[in-house]
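Below is one structure, written out as structure tokens; the observations come after it.
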Amino acid sequence: MTTTPLPGHPHFALRGDELFAEELRLGDLARQHGTPLFVYSKASMLAALAAYQRGFAGRKAQICYAMKANSSLGILQVFAQAGCGFDIVSGGELERVLAVGGAAKDIIFSGVGKTRAEIRRALDVGIGCFNVESEAELEVLSDLAVAAGKTAPVSIRVNPDVDPKTHPYISTGLRGNKFGVAHARTLAAYQRAAALPGLKVVGIDCHIGSQITDESPYLDAMDRVLDLVQAVEAAGIPLHHIDFGGGLGIAYNGDQPPAADALWRKLFAKLDARGFGDRQFMIEPGRSLTGNAGVCVTEVLYLKPGEDKNFCIIDAAMNDLPRPAMYQAFHAIVPVKPASGPAQTYDVVGPVCESGDWIGRDRALAVKPGDLLAVLSAGAYCMSMASNYNARGRAAEVLVDGGRAHLIRERETAADLMRSERLAS
Ligand code: LLP
């Protein structure tokens, strides 16, 4: 039997005439659990993590999985067991890490709008670091820490003002973005942090954007951050760790992002040259750990030929796979059992009542109703951004580990959706 790996998706392959996730047929999983169904490969996630680990071999570094990419408990457990910390952005994410047994000291808390309740809870459980995003937040954090009789470990997220050359909605390190403390204000912010009674300065961090496929923005941002490290330390404030955030892209459509180990070899060459190579480093990768470790299996419901366009209507929709509607993002779509017949060009769309509910445009497919398709690169920012629009329950999720499938999330039912609602009278 011939095995053809799916481009960009380690551990997903066409074997004979069927798509497999590791040792299991996607078709069997779909029959057993229904569609739409997210299927993840544990080995793919661990392979993506291993690339970072190789890049950090011999260095002092901690990988904090940016769980906003996919915060399902079964996925968090994989990274917790592999020794990762977590980058969180809400109290909800904090509770999820604790629920899978993640250690509080390995959690870093990012985000421009942490509420007082979230900060109190994070102080209470003793997280490793608050990545503070404004001078106003420094004051609130210090007050809350003093009130709790604690000292909050802080890092200031700096905005290095470099262009990550990605979609504007996922660029975060430019001057006009809401994120981080402006480059020019950084020293003043650190001096204030060092003077506040409830804070202990432990590091510096930056995150310039997401789906970055070019190494140059990283190298530029690193230079700008290292300049700040020098300025802050010259002012007598030592920085124990340097956190470079996440952002490394994946191949959605033939993109060729640098491999994590190759990128970090280059970054360490710069760090070594500037005398920073032996520092403690942190990173916050999300998409590059899970994105190409997951696919969404969906069934073709109807084919609808049109005057201008042919539509292939599937049972997954923008509530399951929001990225095309939100960012005009491309996800490859392939048949689970490729047929030999002639292909036609279709817009692949979901059942939601919006013209924005499209998953792929102008795709050549040889399909008929009842066939299964796999929407690729669906491991990151799909389930974590899924909604219940049109009162659609969220999809089920399966984690494949070799020849075993673990149902890590049951399909949401109509009753689940109504559970927290009350009639007015
Ligand atoms: N750290 C911080 C502070 C972040 O804001 C983010 C992502 C990450 C780490 C992880 O970035 P990654 O390694 O995943 O690129 N929903 C969008 C992506 C939004 C990213 C937001 N921040 C999408 O579907 O493309």
Side-chain angles (χ1 to χ4, degrees), residues 45 48-49 51-52 55 62-71 75 79 84-90 93 107-114 129-134 137 155-160 164-174 177-181 203-214 217-218 221 225 242-253 255 257-260 263-264 281-294 296 318 320-331 359 375-387:
M45 287 185 249
L49 179 63
Y52 281 103
Q62 191 188 21
I63 300 169
C64 291
Y65 168 52
M67 61 182 284
K68 61 173 77 68
N70 188 323
S71 56
I75 304 294
F79 291 108
C84 291
F86 294 90
D87 171 49
I88 65 166
V89 289
S90 72
E93 289 193 344
I107 294 175
I108 53 181
F109 192 173
S110 304
V112 294
K114 304 175 188 78
C129 187
F130 290 84
N131 285 354
V132 173
E133 302 226 14
S134 64
E137 186 189 336
S155 156
I156 294 181
R157 174 169 177 185
V158 301
N159 187 335
K165 301 179 188 142
T166 182
H167 190 284
Y169 282 14
I170 52 179
S171 297
T172 48
L174 277 166
N177 292 133
K178 69 178 176 180
F179 298 100
V181 170
I204 188 166
D205 71 283
C206 80
H207 171 79
I208 55 174
S210 198
Q211 186 52 18
I212 301 170
T213 53
D214 184 355
Y218 276 108
V225 170
I242 307 175
D243 173 352
F244 283 108
L248 183 57
I250 59 170
Y252 283 102
N253 187 18
D255 318 85
L263 175 67
W264 275 97
F281 296 101
M282 315 237 279
I283 52 161
E284 308 163 4
R287 186 191 321 263
S288 52
L289 292 179
T290 56
N292 277 351
C296 180
M318 65 188 285
D320 306 296
L321 297 161
R323 304 190 65 259
M326 282 185 78
Y327 320 110
Q328 292 76 49
F330 180 94
H331 287 263
I359 306 298
V375 180
L376 306 188
S377 307
Y381 302 114
C382 292
M383 180 51 98
S384 60
M385 299 206 307
S387 77

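Count residues from 1 along the sequence. When reading the values below, keep in mind they use all heavy atoms of this one structure, side chains included, and skip hydrogens, waters and symmetry mates. None of the values given here were measured: they were computed from a predicted structure. Whatever order the structure lists them in is the order used to number ligands and atoms, beginning at 1.
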Proximal atoms of ligand 1 relative to [X] (non-hydrogen, under 4.0 Å):
| X | answer |
| --- | --- |
| Gly246 | 9 (C), 13 (O) |
| Gly286 | 12 (P), 13 (O), 14 (O) |
| Pro285 | 13 (O) |
| Gly247 | 11 (O), 12 (P), 13 (O), 15 (O) |
| Arg157 | 3 (C) |
| Asp87 | 1 (N), 2 (C), 9 (C) |

message: My understanding is that only residues two or more places apart in sequence, or in another chain, count here; which of them pass side-chain contact (heavy atoms from CB on, under 4.5 Å) with Ala378?
response: Phe38, Cys296, Leu321, Cys382
Heteroatom proximity flag, [X] to ligand 1, N/O under 3.5 Å:
| X | value |
| --- | --- |
| Ser210 | yes |
| Arg287 | yes |
| Tyr327 | yes |

Classify the contact between [X] and ligand 1 as side chain, backbone, both or neither, using a heavy-atom distance cut-off of under 4.0 Å.
| X | value |
| --- | --- |
| Ala66 | side chain |
| His207 | side chain |
| Asn131 | neither |

Using only atom types and a distance under 3.5 Å, with no angle test, would you say the side chain of [X] pairs donor to acceptor with the backbone of [Y]?
| X | Y | result |
| --- | --- | --- |
| Tyr381 | Pro322 | no |
| Asn292 | Ala251 | yes |
| Arg157 | Phe179 | no |
| Lys68 | Asp87 | no |

task: Would you please name every residue forming a ring pair (Phe, Tyr, Trp, His ring centres under 6.0 Å) with Tyr52, sequence neighbours left out?
output: none
message: Tell me which one of Asn70, Ile75, Leu49 satisfies side chain to side chain contact (heavy atoms under 4.5 Å, CB included) with Leu289.
response: Leu49
- request: Looking only at non-hydrogen atoms, find the nearest pair between Glu284 and Asp205 and report the distance.
  value: OE2-OD2, 4.3 Å
query: For Pro257 and Leu248, which heavy atoms make the closest approach, and how far apart are they?
result: CB-CD1, 4.4 Å
field: Closest to atom 3 (C) of ligand 1 among Arg323, Gln211, Glu284, Glu133 (heavy-atom distance)
entry: Glu284
- prompt: Non-hydrogen atoms of Met385 versus ligand 1: any pair closer than 4.0 Å?
  reply: yes
task: Tell me, please: is Gly245 in heavy-atom contact with ligand 1, that is, under 4.0 Å?
output: no
message: Taking the cut-offs as 6.0 angstrom to the six-membered ring centre and 45 degrees off its axis, would you call Lys114 and Phe130 a cation-pi pair?
response: no
